[in-house]
Amino acid sequence: MHLRRQIAPLIALLLLVSQADLLSAQEQASTHETKLANVVILATGGTIAGAGASAASSATYQAAKVPVDKLIAGVPELKDIAQVRGEQVFQIASESFTNDHLLQLGKRVATLAKQDDVDGLVITHGTDTLEETAYFLNLVVHTEKPIVVVGSMRPGTAMSADGMLNLYNAVVVAGSATSRGKGALVVMNDEIHSGRDVAKSINIRTEAFNSQWGALGMVVEGKTFWFRTLAKRHTTQSEFDIERIDKLAPVEIAYGYGNMTDAAHTHFAAKGAAALIHAGTGNGSVAAGVVPALVELRKQGVHIIRSSRVNGGGFVIRNAEQPDDKYDWIVAHDLNPQKARILAAVALTATSDSKELQRIFWEY
Ligand code: DGL
């Protein structure tokens, strides 16, 4: 009896400690279970919001029909992986995106990214210009938080539609701390690509998006797997800030081909283009008959930026096929013509010095 009285306080203390441990473990468990990431889905339209006449209509459909709340409701599993809320920013097919759409979307993303109740953002988007929007966000939104752009190649009404899993995967990536600081991302077909490198290289398959330097990773069954990071400047490392950009510079693209003339270049310049992206053959080559007009346009203050029409392969080498130093032209490095346009339109808001512009094309 005496011994029991002596050890009773010790037993009580041990019980208290174990209850406290149990409680903290339960709290941790409950916190862990309820601590889902807060992910905002900004919907802009595209095929992921498309609807076709029948389940067999995988390519014939109307884009930009399904509203964001129905997109979210269409993937009930989202509630298991994140606290999701949606905003309908636009409802358009992405071929109709303008610079103003890019600015409006970029400013909304930047504002939300600053909020403590937002851990990551998903932008649903048509696939036609998805790579341009993703690169734009990569250049101008200053946040470490994941920004994930996602689309689909088939409407949700089609057999083997890819939009549901693409959206689920995009929310997984946007809600994962492992995605922080990797720049704007594109999630399609189980792959995680850099918004800088990725391009739509096939126009009728679900494996439409590819990066010539490879995907950054994969997302499989709700988990992210990373294999590389982007070597170029982006987001918080960028000298460009959406909060200081209210208008993008007018930049046009002239496509290179046999028998071409300088008509497109001179027309665009007459319409006020500040820079022309020459989507040249091979290594950004310029037809002999077109060179004099471009040399003259440069003298008039229009920047000439040589890109390549070659789909997803290699990069343009300065002073190789053309004397860029002599003409004061710029090379777009490995950027395809449409991405070169995005970078030029952003860069020209900060400088019109050709050496500075070339530096920017090396670094971004
Ligand atoms: N009109 C195209 C677009 O909105 C449809 C392609 C798609 O979204 O996959 O980009």
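As the structure lists them, so they are numbered: ligands from 1, and atoms in each ligand from 1. Note that these values count all heavy atoms, side chains included, but never hydrogens, waters or copies made by symmetry.
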J.: Considering only heavy atoms of Gly46, which atoms of ligand 1 have at least one such atom less than 4.0 Å away?
T.: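 Atoms satisfying the 4.0 Å criterion: 4 (O), 8 (O).
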J.: Run the salt-bridge test on Asp197 and Lys232 with the 4.0 Å N-O cut-off and return the result as yes or no.
T.: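 Not counted as a salt bridge, because no side-chain N and carboxylate O are separated by less than 4.0 Å.
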J.: Any idea which atoms of ligand 1 are less than 4.0 Å away from a heavy-atom of Thr47?
T.: 5 (C), 6 (C), 7 (C), 8 (O), 9 (O)
J.: Considering only the protein, which heavy-atom contact is closest to atom 9 (O) of ligand 1, and what is its distance?
T.: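 Result for atom 9 (O) of ligand 1: Thr127 OG1, 2.5 Å.
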J.: Please report the C-alpha distance between Lys200 and Glu132 in whole Å, then the side-chain angles of each, then the deciding distance to 0.1 Å, and finally whether the salt bridge (charged side-chain N to carboxylate O under 4.0 Å, His left out) criterion is met.
T.: CA-CA 10 Å; Lys200 183 175 181 180; Glu132 298 172 46; over 6 Å; no
J.: Write out the residue and atom name of the closest protein heavy atom to atom 1 (N) of ligand 1, then the distance separating them to 0.1 Å.
T.: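 Of every protein heavy atom, Glu95 OE1, 2.7 Å lies nearest to atom 1 (N) of ligand 1.
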J.: Going by the rule salt bridge (charged side-chain N to carboxylate O under 4.0 Å, His left out), which residues pair with Asp246 if we only count those two or more places apart in sequence or in a different chain?
T.: Lys107
J.: Regarding Asn99 and Arg341, is there a side-chain donor-to-acceptor distance under 3.5 Å anywhere?
T.: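 Per modelled atom types, Asn99 and Arg341 side chains form a pair under 3.5 Å.
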J.: Does an N or O anywhere in His125 fall below 3.5 Å from an N or O of ligand 1?
T.: no
J.: Under 3.5 Å between any N/O of Thr129 and any N/O of ligand 1: does that happen in this structure?
T.: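 There is no such contact.
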J.: Answer yes if the side chains of Ser57 and Ser54 hold a donor-acceptor pair under 3.5 Å, and no otherwise.
T.: yes
J.: Please state whether Ser152 comes within less than 4.0 angstrom of ligand 1, counting heavy atoms only.
T.: yes
J.: Using a 4.0 Å cut-off to any heavy atom of Ala93, which atoms of ligand 1 qualify?
T.: 1 (N), 4 (O)
J.: If only side-chain N and O atoms count, and only distance matters, is there a donor-acceptor pair under 3.5 Å linking Asn336 with Glu131?
T.: yes
J.: May I ask whether Tyr61 places a heavy atom under 4.0 Å from ligand 1?
T.: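 The answer is yes: ligand 1 sits under 4.0 Å from a heavy atom of Tyr61.
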J.: Could you identify the single nearest non-hydrogen protein atom to atom 10 (O) of ligand 1 and state the distance to 0.1 Å?
T.: Ser94 OG, 2.5 Å
J.: Just do the salt bridge (charged side-chain N to carboxylate O under 4.0 Å, His left out) check on Lys355 and Asp325 with the steps written out, would you?
T.: CA-CA 10 Å; Lys355 287 184 174 40; Asp325 289 354; over 6 Å; no
